[in-house]
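Everything numeric in this text was worked out from a predicted model, so none of it was measured. Letters A, B, ... are given to chains in the order of the sequence lines, protein chains preceding strands, and every chain is numbered from 1.
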There are 2 protein chains.
Amino acid sequence: MAAPRGSYAKGIAKREEILTAALDVIARNGYRRTSVRELADAVGLSQAGLLHYFASKEELFQEILRKRDDVDMASYGIDTEQSIDGLLALVAHNTDVPGLVQLYAQVSTEAAGDPAHPAHEFFIARYGTIRGAFAELIRREQAAGRVGADIDVDSTAALLVAATDGLQTQWMLDPSFDMVEHIRSFWNLVTRKP
Amino acid sequence: MAAPRGSYAKGIAKREEILTAALDVIARNGYRRTSVRELADAVGLSQAGLLHYFASKEELFQEILRKRDDVDMASYGIDTEQSIDGLLALVAHNTDVPGLVQLYAQVSTEAAGDPAHPAHEFFIARYGTIRGAFAELIRREQAAGRVGADIDVDSTAALLVAATDGLQTQWMLDPSFDMVEHIRSFWNLVTRKP
DNA sequence: ATGAAAACCGAGCGATGTATGGTTTTGCCA
DNA sequence: TGGCAAAACCATACATCGCTCGGTTTTCAT
């Protein structure tokens with residue numbers, strides 16, 4: 001039983017190159033009509049060569065979103081939300097990466113609706129984490145007296161996540177649709193004193 | 001220039017049979033992994049035979065959703081909303097038709113993210129209509145004194161639509177997730193007096 | 001009854017995602 | 001530093017997909 005040898009330096013770099021290149025192609029061509037052949041060409045590989053790094057097309061997309069999450073978590077601290085401004089900044093940032101928003105919307109919807117989808121469990125965990133972070137933020141604001149004690153914390157957290165998701169659909173249909181302003185409006189509903 | 005002859009009785013019935021059968025198959029197999037051949041088999045037709053009624057697979061799905069909309073509009077009067085109860089009843093009803101919810105979520109997301117999608121314009125109009133109906137409902141409640149005058153009507157309407165959409169994703173990931181209760185919770189945020 | 005249009009089919013086209021069996025390249029260690 | 005196992009990568013093939021095309025069968029108004 002030999003110890004498995006890890007990836008080579010070249011492979012690690014190529015894998016990263018694929019992820020960033022794939023995002024570019026998707027942003028340009030859209031998610032649905034992007035084939036593995038196109039993605040492979042974009043990084044100078046054959047189809048089989050690309051599939052060496054990712055078991056399937058779906059897995060590649062999931063990996064892009066996972067990487068996005070990591071970057072966003074670090075940049076905006078959604079998972080350890082200090083204030084609503086982090087979310088507002090993230091939503092504002094999303095306006096600049098429509099391809100990513102589109103990919104996320106598509107994949108999350110597909111994965112949610114199909115328990116057999118490879119990313120189904122991933123999104124269950126993801127939504128649990130985000131909802132928990134938002135709930136804690138609201139609880140903190142509640143303790144500070146900036147949010148009424150009568151607010152249902154968990155429900156409001158779920159609604160905040162739902163609104164963020166749902167607004168993306170309306171924004172994709174009309175790029176002039178101001179997601180940030182609407183999220184701010186939601187937060188006003190939460191914070192105004194009864 | 002001869003006058004075009006309409007569909008035969010058999011054709012009209014078959015078309016309807018296809019729509020209902022397709023929904024069944026989708027509810028069972030999921031939207032993504034349902035092929036035209038499967039749908040054709042379900043109604044005793046060949047692929048080409050089915051495609052005689054619908055120019056493409058996408059058009060068939062769009063027709064299912066359009067029919068659903070017609071039924072829902074008539075049953076719950078979403079387009080001429082009298083009170084929030086209509087929406088609550090509709091959302092409650094959706095719990096019983098997961099296949100439709102899944103189909104709607106998928107198709108609306110795909111169409112929204114792709115301006116070239118055949119249903120793109122359809123959803124732009126649909127969201128405009130629903131947002132307008134909700135806005136009018138809120139305005140009416142505002143006039144009746146049940147909603148504060150400080151509420152941003154249009155933004156709240158957009159948020160209500162967004163929340164309804166977004167909650168579906170969380171419900172698909174966890175069927176025990178109570179969409180109705182969360183919508184009610186949102187409405188509480190809107191109606192509580194400052 | 002008849003004939004034009006609707007209903008329907010068989011065959012096939014191009015593109016897709018992916019599995020297979022192989023060759024070339026990398027880099028650890030003897 | 002040379003060997004060699006594993007990683008990197010490719011050519012080919014396959015099943016399936018949505019969809020088109022040319023044709024046959026069925027419907028039904030005249």
Requested in this report: Report which part of the nucleic acid A/Ser46 touches: base, sugar-phosphate, or nothing (heavy-atom distance under 4.0 Å, all strands).
Outcome: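 Base, at least one base atom sits under 4.0 Å.
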Requested in this report: Report which part of the nucleic acid B/Leu50 touches: base, sugar-phosphate, or nothing (heavy-atom distance under 4.0 Å, all strands).
Outcome: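 Contact class for B/Leu50: none.
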Nearest whole Å is fine: how far is [N] [atom2] from [X] [atom1]?
{"X": "B/Glu38", "N": "D/dC17", "atom1": "CD", "atom2": "P", "result": "7 Å"}
{"X": "B/Leu39", "N": "D/dC19", "atom1": "CG", "atom2": "C1'", "result": "14 Å"}
{"X": "B/His52", "N": "D/dT26", "atom1": "NE2", "atom2": "P", "result": "15 Å"}
{"X": "B/Phe54", "N": "D/dG18", "atom1": "CZ", "atom2": "P", "result": "15 Å"}
{"X": "B/Leu45", "N": "D/dT25", "atom1": "CG", "atom2": "P", "result": "17 Å"}
{"X": "B/Tyr53", "N": "C/dC8", "atom1": "OH", "atom2": "C1'", "result": "8 Å"}

Report task. Check whether any side-chain heavy atom of B/Leu167 lies under 4.5 Å from a side-chain heavy atom of A/Leu159, and answer yes or no. Result ->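 Yes, side chains in contact.
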Report task. Give the nucleotide from the list D/dC9, C/dG3, C/dC28 with an atom nearest to the side chain of B/Arg5. Result ->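 Nearest listed nucleotide: C/dG3.
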Query - Check ion pair B/Arg68-B/Asp72 (N to O, under 4.0 angstrom) - result: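 Salt bridge between B/Arg68 and B/Asp72, a charged N being under 4.0 Å from a carboxylate O: yes.
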Would you give me the side-chain donor-acceptor pairs under 3.5 Å for residues 142-149 of chain B, sequence neighbours excluded?
residue  : atom : partner  : partner atom : Å
B/Gln142 : NE2  : B/Gly148 : O            : 3.0
B/Gln142 : NE2  : B/Ile151 : O            : 3.2
B/Arg146 : NE   : B/Glu141 : OE1          : 2.7
B/Arg146 : NH2  : B/Glu141 : OE2          : 3.3

Atom pairs under 3.5 Å: protein N/O with N/O of nucleotides 17-20 of chain C:
residue : atom : partner : partner atom : Å
C/dG17  : OP1  : A/Lys57 : NZ           : 2.7
C/dG17  : OP2  : A/Val36 : N            : 3.1
C/dT18  : OP2  : A/Lys57 : N            : 2.8
C/dT18  : O4   : A/Gln47 : OE1          : 3.3

Let me have the donor-acceptor pairs involving side chains of residues 35-43 of chain A, under 3.5 Å, with sequence neighbours excluded, atom names and distances please.
residue : atom : partner : partner atom : Å
A/Ser35 : OG   : A/Glu38 : N            : 3.3
A/Ser35 : OG   : A/Glu38 : OE1          : 3.4
A/Glu38 : OE1  : A/Ser35 : N            : 3.2
A/Glu38 : OE2  : A/Asn29 : ND2          : 2.7

Query raised in the report: Is it true that atom CD of A/Glu58 has more than 12 heavy atoms of other residues, nucleotides or ligands lying nearer than 6.0 Å?
Result: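 Yes, CD of A/Glu58 has more than 12 neighbouring heavy atoms, counting only those of other groups under 6.0 Å.
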Query - Neighbours of DNA chain D within residues 8-25 of chain B, by heavy-atom distance under 4.0 Å - result: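 By residue number: B/Tyr8, B/Ala9, B/Lys10.
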Side-chain atoms of residues 96-106 of chain B: list all donor-acceptor pairs with protein atoms under 3.5 Å, sequence neighbours left out, distances to 0.1 Å.
residue  : atom : partner  : partner atom : Å
B/Gln102 : OE1  : B/Tyr31  : N            : 3.3
B/Gln102 : NE2  : A/Gly113 : O            : 3.3
B/Tyr104 : OH   : B/Arg126 : NH2          : 3.3
B/Tyr104 : OH   : B/Tyr127 : OH           : 3.0
B/Tyr104 : OH   : B/Asp165 : OD1          : 3.3
B/Gln106 : OE1  : A/Glu110 : N            : 3.2

Query raised in the report: Would you say B/Arg192's side chain and A/Arg192's backbone share a donor-acceptor pair under 3.5 angstrom?
Result: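 Such a contact is found between B/Arg192 side chain and A/Arg192 backbone.
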Query raised in the report: Counting N and O atoms only, with roles assigned by atom type, does the side chain of A/Thr164 sit under 3.5 Å from a partner on the main chain of A/Leu160, one being a donor and the other an acceptor?
Result: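 Flag set: sc A/Thr164 to bb A/Leu160 pair under 3.5 Å.
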Report task. Sort and list the pairs that fulfil salt bridge (Lys or Arg N to Asp or Glu O under 4.0 Å) and have at least one residue in residues 15-24 of chain B, not counting sequence neighbours. Result ->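 Residue pairs passing salt bridge (Lys or Arg N to Asp or Glu O under 4.0 Å), neighbours aside: B/Lys14-B/Glu17, B/Arg15-B/Glu63, B/Glu16-B/Lys67.
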